[in-house]
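Please read the structure below before turning to the comments.
In the text below, chain A, chain B and the rest are named by the order of the sequence lines, each starting its count at 1.
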Amino acid sequence: MVASGTFGYGEEYADFLDLTQLGAVVVKGISLAPRPGNPPPRLVETAAGMINAIGLENVGVDVFLESKLPYLRDRHVPVIVNIFGNTLEEYAELAARLDGVPGIVALEINISCPNVKSGGMIFGTDPAMAARVVDAVRRSTTLPLITKLTPNVTHIGEIARAAVGAGSDMLSCINTVAAMAVDIFTRRPKLANIFGGLSGPAVKPIALRCTYEVLQAVDCPVIGIGGIATATDALEFLLLGARAVQVGTANFIQPAVTAEILRGMELFLRVQKLQSVEEYIGTLDRQCLFPFAEIACGMTDLP
Amino acid sequence: MVASGTFGYGEEYADFLDLTQLGAVVVKGISLAPRPGNPPPRLVETAAGMINAIGLENVGVDVFLESKLPYLRDRHVPVIVNIFGNTLEEYAELAARLDGVPGIVALEINISCPNVKSGGMIFGTDPAMAARVVDAVRRSTTLPLITKLTPNVTHIGEIARAAVGAGSDMLSCINTVAAMAVDIFTRRPKLANIFGGLSGPAVKPIALRCTYEVLQAVDCPVIGIGGIATATDALEFLLLGARAVQVGTANFIQPAVTAEILRGMELFLRVQKLQSVEEYIGTLDRQCLFPFAEIACGMTDLP
Amino acid sequence: MSKFLEEALILEQREVAQQTYRLRLRAGRMAEAACAGQFFMLQVREGMDPLLRRPFSFHRIHPGEGNIEVLYRVVGRGTWWLSRCAPQTRLNLLGPLGNGFQLPRNAGSPVAIVAGGIGIAPLCELIHRLLASRGTLEARDIHLFYGARSAGELLPESDLEDLGISVYRGTDDGSLGYDGFVTDLFRKTAEEKHIKPSVLYACGPLAMQYHVARWALEHRVPSQLSLESLMACGIGACLGCALPASAPAGSTADHYVHVCKDGPIFGAESIQWHKIQTHGAPPPIFLYS
Amino acid sequence: MSKFLEEALILEQREVAQQTYRLRLRAGRMAEAACAGQFFMLQVREGMDPLLRRPFSFHRIHPGEGNIEVLYRVVGRGTWWLSRCAPQTRLNLLGPLGNGFQLPRNAGSPVAIVAGGIGIAPLCELIHRLLASRGTLEARDIHLFYGARSAGELLPESDLEDLGISVYRGTDDGSLGYDGFVTDLFRKTAEEKHIKPSVLYACGPLAMQYHVARWALEHRVPSQLSLESLMACGIGACLGCALPASAPAGSTADHYVHVCKDGPIFGAESIQWHKIQTHGAPPPIFLYS
Ligand SMILES: Cc1cc2nc3c(=O)[nH]c(=O)nc-3n(C[C@H](O)[C@H](O)[C@H](O)COP(=O)(O)OP(=O)(O)OC[C@H]3O[C@@H](n4cnc5c(N)ncnc54)[C@H](O)[C@@H]3O)c2cc1C
Ligand SMILES: Cc1cc2nc3c(=O)[nH]c(=O)nc-3n(C[C@H](O)[C@H](O)[C@H](O)COP(=O)(O)OP(=O)(O)OC[C@H]3O[C@@H](n4cnc5c(N)ncnc54)[C@H](O)[C@@H]3O)c2cc1C
Ligand SMILES: Cc1cc2nc3c(=O)[nH]c(=O)nc-3n(C[C@H](O)[C@H](O)[C@H](O)COP(=O)(O)O)c2cc1C
Ligand SMILES: Cc1cc2nc3c(=O)[nH]c(=O)nc-3n(C[C@H](O)[C@H](O)[C@H](O)COP(=O)(O)O)c2cc1C
Ligand code: FES
Ligand code: FES
């Protein structure tokens, strides 16, 4: 899968990969009305990562259904719509509008975007609020629901439990990590929005920890997101127990990266003599071993 | 300043720099009794960062006072002792033991280490608990107190306010970010402790955001920590309003990095025609400008 | 126009002006497909430092020889690593991207081009295309106004003057040619010499582009300004490269164009210049510390 | 013994066995100061990818020529970048670090050396030092047991046999020499040939070291085992490179030694082998994807 906000509406990547290979395309977050997004600058590169403050720029649900969705539907690419509202009512109305639309296989509820003033993070950082959003959406649609969690909380497991309790079928984590950057010469923030969300390889260790905590807290399927750029990265999340992964920032650097990851995972399964990825998912043994040096010599028969 | 846990007890770096250049050395976290630390593996490298799970290995306060402190004291290097306890009583007793010891200029209360089972993070993630620790220490010593905050919370500003309310003279942030890493081949965690703390350049954007939030929440002096490896990095924290910074992980890569940072900062101040760093601290203008392209041509007279 | 990835090979790299390098790359497919004014995203170094690709214009396109040229200035980490690449290094390109320059319809009337600093990069290919398709127009009716902060940052004479076009040089510090901003040089010269361009092309810092845009709007001359923004993807996916734009008719909401897919070439009228606040850039020395 | 930073220059880099490279570095100060068995921390590449330095042993030390040699195997990101460095590349070294091997006091009795895979690296310098200081001992009384997973991973014959020492080779897969683990080769040969070493030196994977350690303890032979751990600083500051160790007398608490400052050379008795659980390493192919 590809992560919301990093793959546009799919079309942008058609020159680089066969979109039908993808498990699903999670499209850029959609709101009821179109949103212009934040003023620029909206991006800044950081060590092994980037901060974005796009501000959920999107064409609105009407234009999406009319002119964006058909492209993916015509190519039989399953679409997961990432939804976002300023109020509970907006979430509910949006979910209702998308209910039963052919081509859409699930909704991903974005309660965790740090880049907008109202809504977003506030819903995502409080278990009770998270539950109310999920509940409102749940009542408005029969589509499977994925709740996308933010890492910017003390106990991500609590939010996870609240979302599942309110009817979320799955969870995805993580959204970006709240961050900022400043320019020492102009003495100003590097983003017009001051704050933004950190993504990319830098956040993978945090995303793995969050995914692990969420998997300990709930029983539902979890989708791993955060810093995935190689098959190895993807397999790490699956090893923890994530049933699927989404690739975000890496798409910008290697537009064909998802195809490469799929190839790499197949190779891995073959080398490891596994029939399917199911046999691998969640097989983490919590006991750690000394991870090195055996490469020099085949011995592994320690006491 | 150099950050706790990354500079040993100072001696380790004497071959590489003149320790008297440093504002202060924050020594490795000290507990009442010696602690052996976690079993290995304790380290793993990640993209532009590293995760550690040392488990607060330390010689204990007695050995510290006897055989570690004198080295720094004899060289007139101001010492800040990073303290850590399993219980409120341990914190208090430790603070009492260090009170009035020549050479020690302040205590840094570590309520935020994610690598130990008891104490640590629990104290650091709840405002009321944080306040109780600070209060206990405050009653046991006349030394200036610095409370070191964890980024692994929903609202770091609340913890900051609680610590200051309980008598902390200063705050330092951030400690490491909770993280994990796994090995896809052995299907095991890469750290014996499973979880560890992420540090290094990867976390700088998070540290800047936390520092900014803390500065908005409280009025006391704040020390910036997290991913600092160059003069530019250090100046970013000062620009936000931090009165000092600590350098951690970068010491491992360039043992003389603190001297280089000091040189770089002096050069910067000279180029910017500033008399002292005081004139620079906290001069952030929150309004963002387009940060680029002017380099090509000297024009800056836009409407 | 489809975009693709191509593994290019560095054939040559030379410092042609202060902190300014010209890179020749073997990239056959790209050379075949690219138009003047388009750009590509370059991975300047293997690995994760730096993480993102960097956008660069096609400075020259040689489909015959299967190679392209890039002219770039070292301004930060990415361009610094790039400047240290030796011949034979492989670099991954993603392109060609963006809309490119349109050649004027009426080939008979003069053309004005304003270049600020490294903004000269895409304009060189444009000049060659203009010359190739100029019809009845004389070479000297192509007027290039070329300024930089200082003499050392200007490309050498021969590269441009030899083409027979009219070149007017200036520097902000007066160290070469006109003493002042290139937009003032342009404004004055256009007035004195009664130059009435059919199209006004420009590339350079946003502050310069603002003045160029104002002139174009005042004089009702169609303009094609090559603009910049910070980019992550270059293909319209991240929505990071926004610039404030005039809203569609009937709307008062904020509106943004995206430099990578709607541009990088824009007409002066499509940008809301008053919403762009720029400032000077840092002295490069600190960027690599 | 003071440690320092030195900017070294790659003089030569050659693949000498499968995935195994020998690097010759000009590093005059380091060559002057280093002892056999010590190591240094190498920044394998400029920038932040990878972030940390990597520890490497001194494979050969040539104070006269002002250079050192490194023998390394490509096992991950860091060593892979290193293997791609061309001559004249500059690399920053931090060293010399650690305690180094002690030469035997009684120069008269034979010495045994067990090398597993890339563990041969520091032992080569040791062998040269032993030869230089051997006094009445004959070269062939230095017994080297050298094993690897497969023939292709062993260093070429000439490098070792030409020295006149007794070399016994083996491979886990039987593709060359003794068919089995090098520790079994050592155990059997020592028994058959009644080799009673005055000191047992070893370097190799921890699983191998465990068997060597057991033999040394059983036979009450003093041992000097060069051990590894993951390192961040190399100078005793991060406390990351811990290995479980026998507690000081009277204590029952967990106790750890730190490979970088207490080692890397340890006696068999100082490590709590039963607390170390190792496992096989990944097939290198995946490490660079
Ligand atoms: C369509 C387009 C075409 C371009 N063509 C050329 C060209 O032909 N030659 C050339 O030298 N430069 C060109 N640029 C600018 C070039 O992309 C930047 O100079 C480069 O990305 C800076 O990377 P860096 O890592 O060296 O700098 P960084 O370390 O990323 O940043 C250093 C400075 O450069 C600024 N910067 C970063 N990215 C950009 C960007 N995309 N555009 C403008 N400034 C930026 C930063 O804000 C900062 O002030 C073009 C930009 C665009 C958008
Ligand atoms: C004192 C000492 C001396 C050494 N001397 C040599 C030498 O002369 N030649 C040589 O080839 N290697 C030597 N090593 C091992 C060498 O440091 C590692 O192979 C190297 O750090 C791996 O880096 P990487 O980036 O390629 O691998 P990574 O991508 O970091 O990791 C790949 C694999 O190597 C393991 N690894 C990482 N760091 C170490 C480490 N410090 N020690 C052991 N395994 C590690 C990882 O756990 C992983 O399984 C020595 C190690 C120590 C501690
Ligand atoms: C430019 C950009 C835009 C994003 N937009 C959205 C969005 O609209 N909705 C959402 O839920 N997440 C959004 N995200 C977050 C990503 O979906 C993903 O959770 C995050 O980037 C972490 O994954 P990564 O490290 O692989 O990029 C965006 C991320 C980036 C970088
Ligand atoms: C190996 C290691 C050990 C650490 N030990 C301590 C400690 O004992 N007490 C403490 O408060 N922080 C400790 N820290 C956290 C650092 O002091 C610092 O807060 C953190 O690493 C972020 O800064 P950096 O990115 O510059 O490393 C440790 C960090 C590392 C990497
Ligand atoms: S750079 Fe990503 S949309 Fe333009
Ligand atoms: S590597 Fe840091 S203490 Fe040994």
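C:M231 touches chain A through its backbone: at least one of N, CA, C or O sits under 4.5 Å from a heavy atom, while the side chain does not. Neither the backbone nor the side chain of C:D49 comes within less than 4.5 Å of any heavy atom in chain A. Neither the backbone nor the side chain of C:A253 comes within contact range of chain A; no heavy atom of the residue lies under 4.5 Å from a heavy atom of that chain.
In this structure a side-chain-to-backbone donor-acceptor pair under 3.5 Å is present from A:R42 to C:L239. Remark: side-chain polar atoms of A:E45 are paired, donor with acceptor, to backbone N or O of C:L52 under 3.5 angstrom. With hydrogens and angles disregarded, no donor-acceptor distance shorter than 3.5 Å links the side chain of A:D15 to the backbone of C:F4.
Rounding to the nearest 0.5 Å gives a distance of 8.0 Å between CG of A:N52 and SG of C:C238. With rounding to the nearest 0.5 Å, the separation of CG in A:N38 from OH in C:Y256 is 7.0 Å. Taking CG from C:L51 and CE from A:M50, the interatomic distance works out to 8.5 Å, rounded to the nearest 0.5 Å. Atom CD in C:Q43 sits 7.5 Å away from atom CD1 in A:I253 (nearest 0.5 Å). For the atom pair CD of A:Q254 and CG of C:L94, the computed distance is 8.0 Å after rounding to the nearest 0.5 Å. Distance check: C:L230 CG to A:L191 CG gives 9.0 Å after rounding to the nearest 0.5 Å.
Put simply, of A:A48, A:A47, A:P34, the one with the most heavy-atom pairs under 4.5 Å next to chain C is A:A48. The choice from A:G10, A:A202, A:P36, A:A192 that makes the most heavy-atom pairs within less than 4.5 Å of chain C is A:P36.
Residues that satisfy the salt bridge (Lys or Arg N to Asp or Glu O under 4.0 Å) test with A:R187, not counting sequence neighbours, are absent from this structure. By the ring pair (Phe, Tyr, Trp, His ring centres under 6.0 Å) test, A:F237 pairs with no residue at all, sequence neighbours left out.
Within 6.0 Å of CZ on A:R75 lie more than 12 heavy atoms contributed by other residues, nucleotides or ligands.
Between C:C233 and A:N251 there is no side-chain heavy-atom pair separated by less than 4.5 Å. Counting heavy atoms from C-beta on, the side chains of A:P40 and C:P244 come closer than 4.5 Å.
Between C:K3 and A:F16 the shortest heavy-atom distance is CG-CZ, 3.7 Å.
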